[in-house]
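Side chains are part of it too, since the values below use all heavy atoms of this structure and drop only hydrogens, waters and symmetry mates. All values derive from a computational prediction rather than experimental measurement.
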Amino acid sequence: MIDTDSDTALISVVEDMQADNQLGNSAHRTDSYQEYRANQPRSPTGGRGTGSGNKESSPLLGPKHDHDHHEHYWNSFPDDPRFEELVRQAEDAIENNVFPQRIYQGSSGSYFVKNVEHKIIGVFKPKDEEPYGQLNPKWTKWMHKLCCPCCFGRSCLVPNQGYLSEAGASLVDQKLQLNIVPKTKVVRLASETFNYSAIDRAKARTKKNIYAKVPSVGRRFNRIGLPPKVGSFQQFVVGYKDADFWLRRFDNEALPESTAKKFQLLFERLVVLDYIIRNTDRGNDNWLIKYETASAAAVTPETESTRDDGDWSIVSNPEISIAAIDNGLAFPFKHPDEWRAYPYHWAWLPQAKVPFSTDTQEQILPLLSDMNFVQDMCDDLYDLFKHDKGFDRHTFERQMSVMRGQILNLTQALKDGRSPVQLVQMPVVTVERSRMRQDTDIFTQSFSHRAPFFSWC
C-alpha cells in the first residue's frame, strides 16, 4: 500500500531543499546583532544554548540549531525582559519534553504552557487553531460551519485575527495604565501537542530520518521538526476564579466598604477597556476575580504594647483584583448590524448603574481627550497588526474608525458623569480619518442606523 502522506512529505522535503539552495550564502550574511544572536541561538522550540536536544524522546521537534536563521527575531522582546524570560522558560520546557497542555474548555485550540518545573506560566492560542481556523481541534465549530453556514462566524470581525486582538487588548490596557489584562504578546512556538496536519507531521518525520541517516543532506534543511505556530501568549494569573462565581457570592455577602470601592474602580476599568476595543464576547465567564478574605496581621511586641483590647485596626481588609482574559473577539471593522448585537454582559450588573468615579475620570479623560495620544495608540496597533499575513490596510483603518467612535462616546460619557449603562445606550458612531494633504487629517463622524435583528444576544 502506498503511503500518500509520506510521498507528499518527501516531495515537500525536496522542495524545501531546493528553496534552501536558492538562498545560497545570503542567509549567512549577518550584521553585528545577528552574529550575537547566532552565538546564542534561540529557536521557537527551545531556549538559548547550543545543545542538540534529545532527538529520541523528542522526535518531531528537532534540535534548536536546526531552525531558520530568520526565526531568531521571534520571541525577542528587548523592551520587556521579564516577558522574554517567561517565553524562554516555555521554550526550555518544550525542549525538555514538558509540552503545553490543551485546554478542553472553549471553542478554539488553546494551551496551558508550562516551565520545566511543570508549573503553568502562560496560555498560548495559535492563529490556525482559532474558532474558525483550518486546524481548530474542536469539532463543535466544524459542525457549526457544516450545518449552519449562514450563521457561521461574526460578520463584524476580521477572520482569524483573534491572536492579534488578544495582544491588542493588552497594548490598549498598558497605554491607558488599566493593569487588568495579563500581559499578552505575539510569539512563535512549536510543540508535538499542538494540532498539526498529517503532512506537517510526516514532513517532520521524513526530515528527521534523512538527518539521522545522511547528516550531510539533513544539514541543508531550513528547519528540522514541526513548524512553529504564531499565536498569542498570555501570562498566566494565579488564584483567580470566574467572575460569575464571586459575583454570586457578593450578592449574598456584602463587601466591606473599602473593598467595594476598589472593586467598583476595577470594574470601571473593565468597562473602559471593553468599550474602547468593542469586545463582542465579554460574559461573566471570561473575566476573572481574585478575592482574598480578611486576615489578622501578625502581632509584634510593638503593636501589642500600643493596641487596646477592642482595637481591630490590625485586621486587614479583603483584597480584590480582576483580570480581563479572552479578548480575542474584539476590534471589529464595523458595529454589529446583522443578526446579533453582542452586548456587554457586565451592563446587567448593579455596578454598571453607578456613575463613573472621579478617579476614573481623572485617569482616563486627559488621555482620551488628547488626539495625539489616540493616534499614537492607533499607530502602535498598526505596528502590531501589520505582521499578519492577511493584513489589509483599508480594513485596519475601518477597525480604527470604530475604535475612535467608541473613544468619542466614552469621553463624552466621562465628561457628563454618566454610568456604564448609560454609556452603552449612546448611539454608536464611527470616526473615519481621511488625509487631504501630506500632514493634514480630516475626521468625519457617522452614525449607524441599522440595528441587529436580536438586540439581547
Side-chain angles (χ1 to χ4, degrees), residues 80 168-184 237 240 243 246-247 250 254-279 282 287-292 316-325 327 330-331 344-381 400 402-429 431 443 445:
D80 195 344
S170 178
L171 188 152
V172 173
D173 173 83
Q174 294 175 49
K175 294 283 288 186
L176 295 175
Q177 300 179 10
L178 301 175
N179 301 321
I180 60 172
V181 178
K183 190 164 291 185
T184 311
V237 290
Y240 288 75
W246 284 114
L247 291 173
F250 297 158
L255 292 172
E257 182 178 354
S258 60
T259 306
K261 182 178 179 181
K262 181 178 181 181
F263 179 62
Q264 179 67 33
L265 180 61
L266 294 173
F267 173 80
E268 292 174 7
R269 293 184 179 185
L270 177 69
V271 172
V272 169
L273 173 73
D274 280 349
Y275 194 81
I276 288 178
I277 67 177
R278 186 46 182 104
N279 197 334
R282 179 65 77 204
W287 60 286
L288 309 176
I289 296 177
K290 183 178 182 180
Y291 182 70
E292 297 175 323
S316 60
N317 289 322
E319 290 294 329
I320 193 168
S321 54
I322 71 173
I325 62 171
N327 303 298
F331 297 100
Y344 312 96
H345 287 271
W346 41 251
W348 283 278
L349 297 177
Q351 289 80 7
K353 299 177 182 179
V354 180
F356 284 103
S357 64
T358 304
D359 292 339
T360 299
Q361 292 173 329
E362 293 177 351
Q363 177 183 352
I364 304 300
L365 264 178
L367 298 176
L368 298 186
S369 300
D370 184 356
M371 289 301 298
N372 291 326
F373 174 84
V374 175
Q375 187 56 46
D376 286 343
M377 187 161 60
C378 293
D379 293 340
D380 290 343
L381 288 170
M400 296 300 99
V402 172
M403 190 179 77
R404 291 191 192 95
Q406 297 291 95
I407 290 175
L408 181 64
N409 273 355
L410 177 60
T411 302
Q412 190 62 47
L414 290 173
K415 290 180 179 179
D416 296 342
R418 301 187 184 186
S419 66
V421 166
Q422 294 172 321
L423 169 65
V424 300
Q425 293 173 346
M426 296 176 68
V428 294
V429 60
V431 179
F443 296 92
Q445 300 180 25

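Residues satisfying the side-chain contact (heavy atoms from CB on, under 4.5 Å) criterion with Lys353, sequence neighbours excluded, are Val421. For Leu367, the side-chain contact (heavy atoms from CB on, under 4.5 Å) partners two or more places apart in sequence, or in a different chain, are Leu176, Phe373. Every residue two or more places apart in sequence or in another chain was checked for a side chain to side chain donor-acceptor pair (under 3.5 Å) with Asp173, and none qualifies. Residues forming a side chain to side chain donor-acceptor pair (under 3.5 Å) with Ser258 (at least two apart in sequence, or on another chain): Asn317. Applying the side chain to side chain donor-acceptor pair (under 3.5 Å) criterion to Arg282, with sequence neighbours excluded, gives Asp274, Asn327. Partners of Lys415 by salt bridge (Lys or Arg N to Asp or Glu O under 4.0 Å), not counting sequence neighbours: none found. With sequence neighbours excluded, the residues forming a side-chain contact (heavy atoms from CB on, under 4.5 Å) with Val428 are His335, Ser448, listed by chain and number. Under the rule for a side chain to side chain donor-acceptor pair (under 3.5 Å), Thr259 has no partner lying at least two apart in sequence or in another chain. With sequence neighbours excluded, the residues forming a side-chain contact (heavy atoms from CB on, under 4.5 Å) with Pro182 are Gln234, Val237, Ala323, Ile325, listed by chain and number. Tyr291 meets the ring-ring contact (aromatic ring centres under 6.0 Å, His included) test with Trp246, Phe250; sequence neighbours excluded. Every residue was checked against the ring-ring contact (aromatic ring centres under 6.0 Å, His included) condition with Phe356, not counting sequence neighbours, and none meets it.
Using a cutoff of 4.0 Å between basic side-chain nitrogens and carboxylate oxygens, Glu319 and Lys290 are not scored as salt-bridged.
Pairing each heavy atom of Leu178 with each of Arg269, the nearest pair is O-NH1, 3.0 Å. Across all non-hydrogen atoms, the minimal contact from Ala352 to Pro420 is O-CD, 3.1 Å. The nearest pair of heavy atoms linking Pro366 to Gln361 is CD-O, 3.7 Å. Across Thr184 and Ser170, no two heavy atoms sit closer than the pair N-OG, 3.2 Å. Closest heavy-atom contact between Glu268 and Pro355: OE2-O, 3.7 Å. The two atoms that bring Asn279 and Tyr344 nearest to each other are O-CE2, 3.7 Å, heavy atoms only.
Between the CD atom in Gln177 and the CD1 atom in Ile364 there is a gap of 8.5 Å [rounded to 0.5 Å]. The CE atom of Met403 lies 4.0 Å from the CE atom of Met377; values are rounded to the nearest 0.5 Å. Atom CG of Leu273 is separated from atom CD1 of Ile322 by 9.0 Å, given to the nearest 0.5 angstrom. In this structure, CG in Leu368 is found 5.5 Å from CD1 in Ile407, a value given to the nearest 0.5 Å. To the nearest 0.5 angstrom, Leu381 atom CG is 5.0 Å from Leu171 atom CG. Considering OG of Ser321 and CG of Leu288, their distance stands at 9.5 Å, rounded to 0.5 Å.
The backbone N or O of Tyr275 sits less than 3.5 Å from a side-chain atom of Gln406, completing a donor-acceptor pair. Side-chain N or O atoms of Asn409 include one that pairs as donor or acceptor with a backbone N or O of Pro427 at under 3.5 Å. Without hydrogens or angle criteria, Gln422 side chain to Ser419 main chain gives a donor-acceptor distance under 3.5 Å.
Using a 4.5 Å cut-off on side-chain heavy atoms (C-beta onward), Ser357 and Leu265 make contact.
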Check against side-chain contact (heavy atoms from CB on, under 4.5 Å), Arg404 and Gln375
CA-CA 9 Å; Arg404 291 191 192 95; Gln375 187 56 46; 3.6 Å; yes
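Counting only residues at least two apart or in different chains, salt bridge (Lys or Arg N to Asp or Glu O under 4.0 Å) contacts with residues 369-380 comprise Lys175-Asp380.
Defined by atom type and a distance below 3.5 Å, a donor-acceptor pair is missing between the side-chain atoms of Asp359 and Gln363.
The aromatic rings of Phe263 and Phe267 lie tilted to each other, with the angle between the two planes from 30° to 60°.
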